[in-house]
Amino acid sequence: MWEPILRTDNEAAAGKATVLLPDPRVRHFWVPSQSVGEMFQKPIGLAAEPAWDVYLAYPRGVHWDDHPPAPAFFMHQLVGRLPAEQRLDGAELATRLQAMLNAQ
């Protein structure tokens with residue numbers, strides 16, 4: 001999910017960034033507001049800003065109602081605002097995602 005957080009964020013910039021996750025199972029969406037990030041504030045424990053630069057993982061079959069549930073796990077790049085032990089580590093993220101896929 002791409003949305004405007006920084007001054008330079010726009011639909012064209014988001015389109016260029018999609019090459020960072022080329023897996024055909026990944027879907028990219030542009031939202032012209034911060035509404036999605038705001039929906040994820042509570043599930044990951046952010047108090048004062050929308051969720052952004054976060055990587056959320058949900059197992060197959062999770063159902064969402066009006067608001068998204070807490071993810072099975074997440075990582076982030078929001079230093080000082082979310083737990084340090086969940087800071088983005090690409091290798092750890094890949095390992096955790098692969099384990100989740102293998103379990104399904």
Side-chain angles (χ1 to χ4, degrees):
M1 183 64 60
W2 303 94
E3 59 186 14
I5 300 293
L6 304 175
R7 197 170 30 93
T8 56
D9 292 341
N10 58 46
E11 190 170 6
K16 290 178 184 176
T18 62
V19 300
L20 300 172
L21 294 167
D23 190 302
R25 295 169 293 186
V26 175
R27 300 289 181 253
H28 298 272
F29 301 93
W30 168 255
V31 176
S33 70
Q34 294 181 354
S35 60
V36 175
E38 290 167 354
M39 285 193 322
F40 283 97
Q41 279 178 270
K42 186 175 180 180
I44 65 170
L46 272 173
E49 66 184 301
W52 65 287
D53 269 358
V54 294
Y55 306 83
L56 312 170
Y58 291 88
R60 184 183 314 248
V62 170
H63 294 279
W64 297 16
D65 293 319
D66 293 336
H67 300 285
F73 76 92
F74 75 93
M75 290 188 167
H76 67 86
Q77 297 187 83
L78 301 175
V79 178
R81 296 170 287 201
L82 288 169
E85 65 271 10
Q86 290 175 269
R87 181 133 190 245
L88 179 62
D89 174 324
E92 177 67 16
L93 178 61
T95 297
R96 304 258 327 247
L97 290 174
Q98 191 60 57
M100 183 178 274
L101 289 170
N102 291 342
Q104 298 179 28

Can you confirm whether L93 sits close enough to R96 that some side-chain heavy atom of one is under 4.5 Å from a side-chain heavy atom of the other?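 Not in contact.
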So, do P32 and E11 sit near enough that their side-chain heavy atoms are less than 4.5 Å apart?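 Counting from C-beta outward, P32 and E11 never come under 4.5 Å.
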Not counting sequence neighbours, list each pair that qualifies as a side chain to side chain donor-acceptor pair (under 3.5 Å) and has a residue in residues 86-95.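 Listed by first then second residue: nothing to list.
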Linking Ile, Leu, Val, Met, Phe, Trp and Tyr through side-chain heavy atoms less than 4.5 Å apart, which residues share a cluster with W30?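 Members besides W30, by chain and number: W2.
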Check residues 66-79 and write down every donor-acceptor pair under 3.5 Å in which the side-chain atom is one partner and the other belongs to a residue at least two apart or another chain.
residue: H76; atom: ND1; partner: L78; partner atom: N; Å: 3.0
residue: H76; atom: NE2; partner: P83; partner atom: O; Å: 2.8
residue: Q77; atom: NE2; partner: Y55; partner atom: OH; Å: 2.8

Can you give each donor-acceptor pair under 3.5 Å made by side-chain atoms of residues 14-22, sequence neighbours left out, with the distance rounded to 0.1 Å?
residue: T18; atom: OG1; partner: G15; partner atom: O; Å: 2.8

Check the hydrophobic clustering (I, L, V, M, F, W, Y; side-chain heavy atoms under 4.5 Å; chains of links allowed) and say if L88 and Y58 are grouped together.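 In one cluster with L88: Y58, no.
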List the atom of P50, the atom of I5, and the distance in Å for their closest heavy-atom pair.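 Scanning both residues completely, I find the closest heavy atoms to be CG-CD1, 4.1 Å.
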With sequence neighbours excluded, what pairs up with E85 under the side chain to side chain donor-acceptor pair (under 3.5 Å) test?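 Here no residue qualifies.
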Tell me every residue that passes side chain to side chain donor-acceptor pair (under 3.5 Å) with R60, counting only those two or more places apart in sequence or in another chain.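 Testing R60 for side chain to side chain donor-acceptor pair (under 3.5 Å), a comparison that skips the adjacent residues, returns Q104.
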Output a table of donor-acceptor pairs, distance under 3.5 Å, between side-chain atoms of residues 35-46 and any protein atom two or more places apart or on a different chain; print 'none' if there are none.
residue: S35; atom: OG; partner: S33; partner atom: OG; Å: 3.0
residue: Q41; atom: NE2; partner: E49; partner atom: O; Å: 2.9

Tell me the salt bridge (Lys or Arg N to Asp or Glu O under 4.0 Å) pairs involving residues 20-34, sequence neighbours left out?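 Qualifying pairs: D23-R25.
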